[in-house]
Visitor: 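Below you will find the structure I want to go over with you.
Note that the structure is a prediction, hence the values are computed from the model and not measured. For the numbers below, each heavy atom of this structure counts, side chains included, while hydrogens, waters and symmetry mates do not.
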Amino acid sequence: MRIAEISTPEHFQAAAAPDSQSPSQNQHNQLLSQIQSKIKQTESHPTGTPLPDSLPSELRQLLTNLTQLAPFPAANNSLKLHLWKLSYRLWNACVDFSNAAAIRSPSSNRSSQNVTKLRHVAADMLSLAVDVVGVHSPAIKSASFYYKTGLAWHDHKIFDLASTCFERATDLLSKLDVSKILDAEERKLLLDLNLARSRTAWEISDKNLALTLLNRSKTLLFGSSAHFIALANQFLAFAKAVLSRNENNGSFNDVLKLLNEALNLCEKGLSISRTREETVEIKELKSKTMRFISAVHLQNGEFESVIKCVKVLRENGGEKGDHHASLPVLAMKAWLGLGRYSEAEKELKGMVVNKGIPEGVWVSAVETYFHAVGNAGVETTKGVFLGLLERCHVSARAALRVIHRVVGDGNGIEGLRTRGKVVAELASDERVVALFASEAVAKERTAMHAVLWNCGSGNFRLKDYETSAEMFEKSMLYIPHDLENRVIRAKGYRVLCLCYLGLTQLDRAQEYINEAEKFKICLQKNDHCGATNQIQKMISCPDFTPDFLSLAAHEAVASRALPVAVAALSNFLNFYNSGKPMPTTEVVVLRTLVTILSQDLDKEAEVLKFLKQAHKRASELGAESFFGKGEVGRREQNWFAVTSWNFGAKCGKEKNYELCAEFLRLVSGFYSLMGVGQMEENNVTICKSLIMTVSAMIASENQNTTPLPDAEVKHAVELLERAGKILTSLSVGNIEGDIHFIYVLNAYDMHGRLNNLESQHHIVKNFAGTKTCSPQYLLQIGLNASQGPRFNAEVATFALSECLSGFLSSPSPNYQDVALIVRRLIAIASIHKGNTDDDAVLSMYKQAYRIMVGLKEGEYPTEEGKWLAMTAWNRAAIPVRMGEINVAKKWMNAGLELARKVAGMETYQAYMEDYVAEFEKKFHTQIAGEIQPQQAIGESSRGQPRIKRYFASYINTELFYSSF
């Protein structure tokens, strides 16, 4: 739509030119006449044909020439009004072109960009006369031109120009007193400008600035529910963007921050909403945001938070609360994660009546529930599945999935028996059998027979012949009655015969008689050497059995002759490789040995020897064969792991780091022998032991002043890789921030020894995306990476940049800290990229400038602002001497822009502007071949070097180098 004229024609006529004109005014009028001619050409151009490419550039050149004559005298208000009229004419012509392009088929991108270029010229033209007298809110009108032009550049994905427009608009509005702006449209412009600038910063991956701008937007809501909705939607959009790019890199905390911000805004917006439509819209946005929060919490393992969110969603509004189909699925998985199986069962049963849930999702929910609950959930799974059969048609494949999940791998005899009964009931249900009757599901029918047969075989091996017989009988329901399957049916009958025969077998018992009188006499006399000799003689006797050693150890412990007990049990271990039956298990002997040695001082080395032997034997025989099956085996294995941890901690406190590393290494070794499910239960301890093992290795190296061998370094890297995988799988609540931080420091150290710079960066980057990370941790990592033997400029830059992001994301950033980090980042970029990538250093100064845009005077430390302006200006010195004109112009412009943002630099700003104007003028003459570069840059009209005359006392080229 067109923008209305700000003044009537009579107004402009009343402001006619004065009777006499100065030479400067003649130049103004001549340029304005040329601009007006080009605008007439634009207005007369047919809207159905593309604009010529030369028109925007010609108008831009004329405006540049006019800009060199600014600022205009305050008395020449008629000139400024004339500029306003021309600007609005050009803008309205652009609106006509855009409207015409929208009606017909989409115009080419190049033609559309030409229109946007003209809009940019109109906005710049209006800003030249922003201090015009007689126009209401001129700064706001000028800012609106820049805002709409920035939106157009953003649509073209030319984000640098969009950012420039938004920054110009922000500069214009930052000079106003926001509290005095009462017009609703003008207030909306303030918020929309901040949001648009934030979106553009996000697109160019300047996340720090994007989030800072969103936080600043909270001061521009003016109690309007529409403003709250707009800002909440932007936070939600950024959260979705992070989720869409997230590949399990631990960015959940960033997403939650954004979603919580959106949720808080929704709640505040509800408290001030005035109409029913506004209330409904905010409630829908709030519910949507909370569902996203629930899903993120679920992925991150924060199950209690999921339950809270679901409860709030359901209760808000009473019967009209949120009943989205995803809520029962989220709630069930969260209850399972908390181990609250009865509540999960209620959610699962409640899903039976919800016909909006697809079969695949429903069956997957059943599988998830049973996988978590195990044997305790078989009856519930059966009831729910039969309820599903009544509610709708279930495919044979879905039935097979559920029954296969119920069968599982059992958990001992009772587990297999319980599951077997439920499977038998499900498999024999007429409705389930009917699903597999047709030839179209022959493949699924064969699979069902195999599942039931294997379940029966498992029970048979455990001698549970009753359950086994029942499973084999049910499997025969899935064998077709044809000639091809007669062999399979006959096999089933034979197995059933064996099962019924097996029900008549009885168990056997064994008895042991042990005696060792001579040995006992030696113990009573405290003759430890004599008792040990008796043990050796006992072994050589022809009627010796290992039972005598067991008795000897028992008597030695009872008599507190611990060395003798150790000798007896050590000999006892030698017989386990013989293959003969032993009176007790090997694991019990080793556990007893470690327990006995633990009661004596300075026996850590011997304890370590037997713990290593236990780990070796468990690795050779298998965990179940060595430790035992079921709960007993699990407890044995835990005992060895915990004992290794305790001795490792003890040695660490005593600064015996070499033994400490060996003990801690065994902790993960014992836990790694467990099954997958049991390992997951102890993942936190495994992770800690792996990380602390490497820490002990490094401490031992420092203590002995002997570098770690390459083999040990590679082994340490392997341990840390295992720890890293576990850290990735752990939920946030289970990870201690200090442990994760120590892992990062150790991994950085070890990969640095292997000169693996890419891995160093990958580890730090992953850590920065976790919830345990804090700006303080990143600051330490950045400092560590920027100095010492493991120097890595890329990691230092990343860590300090993320640290800067953390500070800027806070509601009230400490700009003193921000300024210090910016200075450090510039130092690193200058030293390590300055010679090869000048743009990288320049981008740091531009980032600092963008942070300063919109801040109040003094909010960014003045001295740091001066440092930025001066060092940016001084960087132009070398390019000037080398004749690199374009590079010099970039740095001078950067220094000038920064100086304009710093209080107290007005005098230097004027000198800089004067020098830049002379520089551009002489550079233009140089191109024409009239003078040499050295003359064009260094001297004023009086022959004295301007830069020396103005800055010799404050700014010099040496300042840049000395600042580092």
Visitor: For Y743 and L690: C-alpha separation, side-chain torsions, deciding distance, then whether side chain to side chain contact (heavy atoms under 4.5 Å, CB included) applies.
Guide: CA-CA 9 Å; Y743 160 77; L690 292 169; over 6 Å; no

Visitor: Does a donor on one side chain sit under 3.5 Å from an acceptor on the other, for R722 and S672?
Guide: no

Visitor: Is any side-chain heavy atom of F741 closer than 4.5 Å to a side-chain heavy atom of S774?
Guide: no

Visitor: Between A696 and C660, what is the shortest heavy-atom contact and its length?
Guide: CB-SG, 3.8 Å

Visitor: Does a sphere of radius 6.0 Å around CD in E654 hold more than 12 heavy atoms from other residues, nucleotides or ligands, not counting ones at 6.0 Å or beyond?
Guide: yes

Visitor: How far does CG of L673 sit from CD of E624, to the nearest 0.5 angstrom?
Guide: 12.0 Å

Visitor: I need the minimum non-hydrogen distance between F235 and L258, along with the two atoms involved.
Guide: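 Shortest heavy-atom contact: CB-O, 3.6 Å.
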
Visitor: Is there a side-chain contact between F798 and V764 (heavy atoms, below 4.5 Å)?
Guide: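 Counting from C-beta outward, F798 and V764 do come under 4.5 Å.
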
Visitor: Using 30° and 60° as the class limits, which term best fits the ring planes of F670 and F640: parallel, tilted or perpendicular?
Guide: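 Rings of F670 and F640: tilted, as their planes differ by 30° to 60°.
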
Visitor: Are any of the side-chain heavy atoms of F767 and C773 separated by less than 4.5 Å?
Guide: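 Contact flag for F767/C773 side chains = yes.
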
Visitor: Evaluate H740 against Y777 for side chain to side chain contact (heavy atoms under 4.5 Å, CB included), listing each step before the verdict.
Guide: CA-CA 10 Å; H740 203 164; Y777 286 151; over 6 Å; no

Visitor: Quick check: do L719 and H715 have side-chain heavy atoms less than 4.5 Å from each other?
Guide: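 The answer is yes; the side chains approach within 4.5 Å.
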
Visitor: Can you measure from CG (L611) to CD (E662) and round to the nearest 0.5 angstrom?
Guide: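 Answer rounded to 0.5 Å: 11.5 Å.
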
Visitor: If you define the side chain from C-beta out and look only at heavy atoms, does anything of N756 sit under 4.5 Å from M750?
Guide: no

Visitor: Could you check whether R635 pairs with E631 (Lys NZ or Arg NE/NH1/NH2 to Asp/Glu carboxylate O, under 4.0 Å)?
Guide: yes

Visitor: Under a 3.5 Å distance rule, please check whether E701 uses its side chain to pair with a backbone N or O of L708 as donor and acceptor.
Guide: yes

Visitor: Using 30° and 60° as the class limits, which term best fits the ring planes of W202 and F238: parallel, tilted or perpendicular?
Guide: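 Rings of W202 and F238: parallel, as their planes differ by under 30°.
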
Visitor: For Q599 and T595: C-alpha separation, side-chain torsions, deciding distance, then whether side chain to side chain contact (heavy atoms under 4.5 Å, CB included) applies.
Guide: CA-CA 7 Å; Q599 300 175 27; T595 303; 4.2 Å; yes

Visitor: What pair of heavy atoms forms the shortest contact from I763 to A747, and how long is it?
Guide: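 Shortest heavy-atom contact: CD1-CB, 3.4 Å.
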
Visitor: What's the separation between atom CZ in R850 and atom CG in D206, rounded to the nearest 0.5 Å?
Guide: 4.5 Å

Visitor: Considering non-hydrogen atoms only, spot the tightest contact between S830 and I826 and give its length.
Guide: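 The pair with the smallest heavy-atom distance is OG-O, 2.6 Å.
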
Visitor: If you count heavy atoms of other groups shown closer than 6.0 angstrom to CD of E658, is the number above 12?
Guide: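 Counting other residues, nucleotides and ligands, CD of E658 stays at 12 neighbours or fewer.
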
Visitor: If you look at every heavy atom in A567 and N571, which pair is closest and at what distance?
Guide: O-ND2, 2.7 Å

Visitor: NZ of K688 to CG of N682: how many Å apart, nearest 0.5 Å?
Guide: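 Output value for this atom pair is 12.0 Å.
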
Visitor: So that I can tick it off, tell me whether K714 and D710 are bridged by a salt bridge, with the cut-off set at under 4.0 angstrom between side-chain N and carboxylate O.
Guide: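 Not counted as a salt bridge, because no side-chain N and carboxylate O are separated by less than 4.0 Å.
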
Visitor: Would you sort out whether E302 and V296 count as a side chain to side chain contact (heavy atoms under 4.5 Å, CB included), showing the intermediate values?
Guide: CA-CA 9 Å; E302 298 170 345; V296 173; over 6 Å; no

Visitor: For residues L779 and D817, determine if any side-chain heavy atom of one lies less than 4.5 Å from a side-chain heavy atom of the other.
Guide: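 A side-chain contact under 4.5 Å is absent here.
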
Visitor: Evaluate the side-chain proximity of D254 to K207: yes if any heavy-atom separation is below 4.5 Å, no if none is.
Guide: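 Heavy-atom side-chain distance check passes, below 4.5 Å.
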
Visitor: To the closest 0.5 Å, what do you measure between NE2 (H297) and CG (L256)?
Guide: 4.5 Å

Visitor: Looking at every non-hydrogen atom in both residues, tell me the closest pair between L666 and L608 and how far apart they are.
Guide: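 Taking L666 first and L608 second, the nearest heavy atoms are CD1-CD1, 3.7 Å.
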
Visitor: Do side-chain atoms of S198 reach the backbone of L213 as a donor and acceptor pair under 3.5 angstrom?
Guide: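 No; judged by distance alone, with no hydrogens or angles, the pair does not exist.
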
Visitor: Using only atom types and a distance under 3.5 Å, with no angle test, would you say the side chain of N215 pairs donor to acceptor with the backbone of S809?
Guide: yes

Visitor: Are E718 and R665 close enough for a salt bridge, meaning some N to O gap below 4.0 Å?
Guide: no

Visitor: Is it the case that N746 and S695 place a side-chain donor and acceptor less than 3.5 Å from each other?
Guide: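 Their side chains do contain a donor-acceptor pair, which is all the 3.5 Å distance test asks for.
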
Visitor: Once you round to the nearest 0.5 Å, how far does NZ of K257 lie from OG of S810?
Guide: 9.0 Å

Visitor: Counting only N and O atoms by type, is there a donor-acceptor contact under 3.5 Å from the side chain of S786 to the main-chain atoms of L783?
Guide: yes

Visitor: Compare all side-chain heavy atoms of V841 with those of R875 and state whether any distance is below 4.5 angstrom.
Guide: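 They are in side-chain contact.
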
Visitor: Does atom CD of E758 have more than 12 heavy-atom neighbours from other groups under 6.0 Å away?
Guide: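 Result for CD/E758: open.
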
